[in-house]
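Chain A is the first sequence line, chain B the second, and so forth, proteins listed ahead of strands; every chain is numbered from 1. Please read all numbers here as calculations on a predicted model, not as lab measurements.
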Amino acid sequence: MSFEWLGLGALGLYLVGLFAVARIARRARRDETAADHFLAARDLGVFVLFLTLYATAYSGNSLLGYPGEAYRRGFSFIMATGFMMSIIVCFHALVPVLRPVASANGFVTPGDWIRHRFGREPGGRALLLGVAVLMTIALANFLLAQLTAMGHVSSQVTGGLVPFWLGVVGLAAVILYYETLGGMRAVAWTDAAQAILMLLGLAALLWWLLTSAGGMEAVTREIAAVRPDAVRVPDRTEQANWISTIVLLGLASVVYPQAIQRIYAARSGRALSRSLALMSFMPLATTLVVTLIGLAAIGHFGNLEGVEADMVMPRLLGSWAEAGPVSTIFAVVVFIGALAAIMSTADSVLLSLGSMLSEDLLDRPRSADSTAATGKWLAAVVLLGMVALALGPRFTLWHLIELKMELLIQCVPAFLLAARWSGLRARPAFFGLVAGTAIAIGGVWLGFERVGGIHMGVLSLLVNLCIAVAGSLAVRRGLESQQASS
Amino acid sequence: MEGGSADRAGMTRRRRARRLLLSVIGLLYVISIPWYREPGASPEIWFGFPDWVAVALACYVGVAVCNATAWWLTEVRDDDPDGAPR
C-alpha cells in the first residue's frame with residue numbers, strides 16, 4: 001500500500017477512535033455542571049493528569065515550530081529545552097498557593113482567582129476583564145497556530161489526498177464535536193492516548209535520523225560543513241535572547257488558561273505535584289528530540305526560509321517513508337502522533353476559551369444552566385474565525401508563539417505576584433497590565449520586537465511590575481495616612 | 001505532641017531542601033548560557049555536540065533532576081479557603 005493511502009487509512013482510524021472516546025466520555029459525565037464539563041469533575045489522577053499536561057504543553061508549535069526554528073537558528077535553539085523546563089520551575093511560584101484555594105472554593109476559570117484574590121476592591125472587575133481579554137487573544141492566536149499545523153500535517157500524511165484547507169476545516173469540526181460532547185473528560189482521555197503516540201513516534205524518528213546519518217557526531221560535523229554559524233558559540237545578542245526566551249516562556253506559560261485549569265482539575269494536590277515532577281523530564285524526551293530533528297534537517301535540505309522552514313519535520317517524515325515498507329508504517333505513526341499532539345492542544349484551548357468567554361468575559365453566572373452552552377457556542381465562533389485566518393498562513397509558527405507570550409506574560413503580576421504578595425492591589429495591577437500590553441503591542445507594531453535580543457514582552461513586563469508594585473505601595477501609604485489622621 | 005513536632009521538623013527540612021534545589025536550578029540556568037565563551041568561537045565536539053551545547057544539555061539534565069526532586073518535596077494542600085499570599 002502506498003504512503004498516501006496508508007496515511008489516509010490511519011487518519012480515518014484515528015478519527016473513528018476520537019469519536020468513540022467522545023461517546024464514552026459523554027456517558028461517563030456525572031452531571032451538566034460547568035465543573036463536570038470543563039474540569040472532568042476535578043477527578044484527574046496522576047497518570048491521566050500527567051499525560052494531559054504533557055499533550056497540552058507539547059503542541060503543533062513544538063512539533064512543527066520548534067524543528068523549524070532549530071533549522072533556522074542552529075544549535076543555539078538548544079535553549080528550547082531550557083525554556084520548556086523553566087515552565088515547570090515557574091509553577092513553584094503559583095501552584096502551592098493557587099491549588100489549595102482553588103480546591104476549597106471550587107474554581108473553574110482563571111478569572112475565579114482574580115475574583116477571589118481582589119474581591120470587590122476598586123479595579124477588581126477591570127483587572128478581571130483585562131486578564132480575560134489578554135488570555136482570549138492569546139488563546140485565539142494559539143488556536144490559529146494549531147489549525148495551521150493541522151492543515152500542514154494532514155496534507156502531508158495523505159500525500160495531498162486531504163488538501164491543506166480540508167485538513168484545517170475538517171479537523172476543526174472533529175475537535176469541536178468531541179470537545180462539545182465529552183468536555184474535559186474526552187479531552188484528557190484523548191490527550192493521554194495522543195501523548196503516548198507522540199512519544200513513540202518522536203523516538204522512532206530520532207533513532208532513524210541518527211542511525212542513517214551515522215550518529216550525533218556525524219550530524220554535528222555535517223552541520224558545521226553546511227552552515228558553520230549554526231555550530232559556533234552564539235553572539236551576545238543571541239545569548240541575551242536565550243535568557244529572555246527562558247523568562248518569557250517560563251513565566252507566560254504558567255498563566256496559560258488551560259494549564260491553570262489543569263491545576264484545578266487534579267484529583268488532589270499530591271496528584272498534581274507528582275505529575276509536575278514527572279513533567280520536569282519531558283523537555284528532554286520531547287523538546288530536545290524535536291530540536292535535534294530540526295538540526296539534522298540542516299544537512300538534509302538546502303536553504304528553506306520563513307514559513308517553509310516549519311515544514312522540515314513533515315519533509316523529513318516524507319523522506320523516511322520512502323526508505324522502505326517498515327519505515328513507511330513508522331512515518332505514518334509519527335504523522336498521526338504529531339496530528340494527535342496538535343489536536344490535543346487545540347481541544348484544550350477550545351475548552352478553556354469556552355469557560356473564559358462565558359464566565360470571565362461575559363460574567364455569566366456559573367449556576368445558570370445556559371452558561372456552559374453559551375461557552376461552547378462562543379468558542380465555536382472563535383474557532384470559525386481562526387479557521388478563516390488559518391487558510392492563508394502568513395506567519396511562522398515561532399512568530400505566533402512569541403506574539404502570544406508577549407501578551408500572556410502581562411498577566412503574570414495578577415497571578416504570580418498576587419499569590420506571593422498580599423500588598424498587591426487591583427487598580428495598580430490593572431494599570432500595569434494596560435501599560436505593559438500597550439508597550440508590547442506598540443513595540444511589535446513599530447518593528448521593535450526585541451531590544452538587544454530581549455523580547456519587548458519581557459521589557460514591558462518590567463514596566464508592568466513597577467507600576468503594579470509602586471501603585472500598590474502608594475495605595476497602602478494613602479490608607480495608612482488616612483487611618484492616622486482619623 | 002512529639003509526633004507533631006517531628007512532622008514540623010520534617011516539613012522545615014523539606015522546605016529548606018526545596019529552596020536549596022531551586023537555587024541550584026537558578027545557578028544551572030546561568031551556567032547553561034555560554035556567556036563565558038568568546039562569541040563566534042569554533043567549538044570542540046563533546047559527546048557528539050559542540051562543547052557549549054554539551055554543557056547546556058548537562059545543565060538542563062541537572063535542572064530536570066533538581067526540579068523533579070523539588071516537586072516531590074513540595075506539599076500541595078487541598079484545603080485553604082482563604083488562599084492568603086505567603
Worksheet item: When rounded to the nearest 0.5 angstrom, what distance separates OG1 in T291(A) from CG in L57(B)?
Response: 9.0 Å

Fill in: Engaged part of L288(A) at the chain B interface, taking heavy atoms whose separation is under 4.5 Å
side chain

Discussion item. For L210(A), which atoms come within 4.5 Å of any heavy atom of chain B: side chain, backbone, both, or neither?
Written reply: neither

Worksheet item: Do the side chains of F91(A) and T74(B) get nearer than 4.5 Å, heavy atoms only?
Response: no

Discussion item. Between S273(A) (side chain only) and V76(B) (backbone N and O only), is there a donor and an acceptor less than 3.5 Å apart?
Written reply: no

Worksheet item: Got P50(B) and V231(A) here, is their nearest side-chain heavy-atom distance under 4.5 Å?
Response: yes

Worksheet item: Using non-hydrogen atoms only, which part of S86(A) is less than 4.5 Å away from chain B: side chain, backbone, both, or neither?
Response: both

Worksheet item: Distance under 6.0 Å and angle within 45° of the ring axis: does R274(A) meet both against W72(B)?
Response: yes

Worksheet item: Hey, which of A56(B), A70(B), A41(B) has the most heavy atom pairs under 4.5 Å with chain A?
Response: A41(B)

Worksheet item: Is a side-chain N or O of R77(B) found less than 3.5 angstrom from the main chain of V97(A), in a donor-acceptor match?
Response: no

Discussion item. Under 4.5 Å from any heavy atom of chain B, what part of L276(A) do you find: side chain, backbone, both or neither?
Written reply: both

Worksheet item: Considering all heavy atoms of both residues, which atom of S76(A) and which atom of W52(B) are nearest to each other, and what is their separation?
Response: N-CH2, 3.5 Å

Discussion item. Taking P34(B)'s backbone N and O only, do any of them form a donor-acceptor pair with Q239(A)'s side chain (distance below 3.5 Å, no angle check)?
Written reply: yes

Item to complete: Would you indicate whether the side-chain heavy atoms of P96(A) and R18(B) approach each other to under 4.5 Å?
Response: yes

Worksheet item: Is it the backbone or the side chain of L28(B) that comes under 4.5 Å from a heavy atom of chain A, or both, or neither?
Response: neither

Worksheet item: Between the main-chain N or O of S275(A) and the side-chain N or O of W71(B), is there a donor-acceptor pair closer than 3.5 Å?
Response: no

Worksheet item: Which heavy atom in G82(A) sits nearest to a heavy atom in Y29(B), and how many Å separate them?
Response: O-OH, 2.7 Å

Worksheet entry | Shortest non-hydrogen contact between S103(A) and D78(B), atoms and distance | OG-O, 3.2 Å

Worksheet item: What part of I243(A) gets closer than 4.5 Å to chain B, counting heavy atoms only: side chain, backbone, both or neither?
Response: both

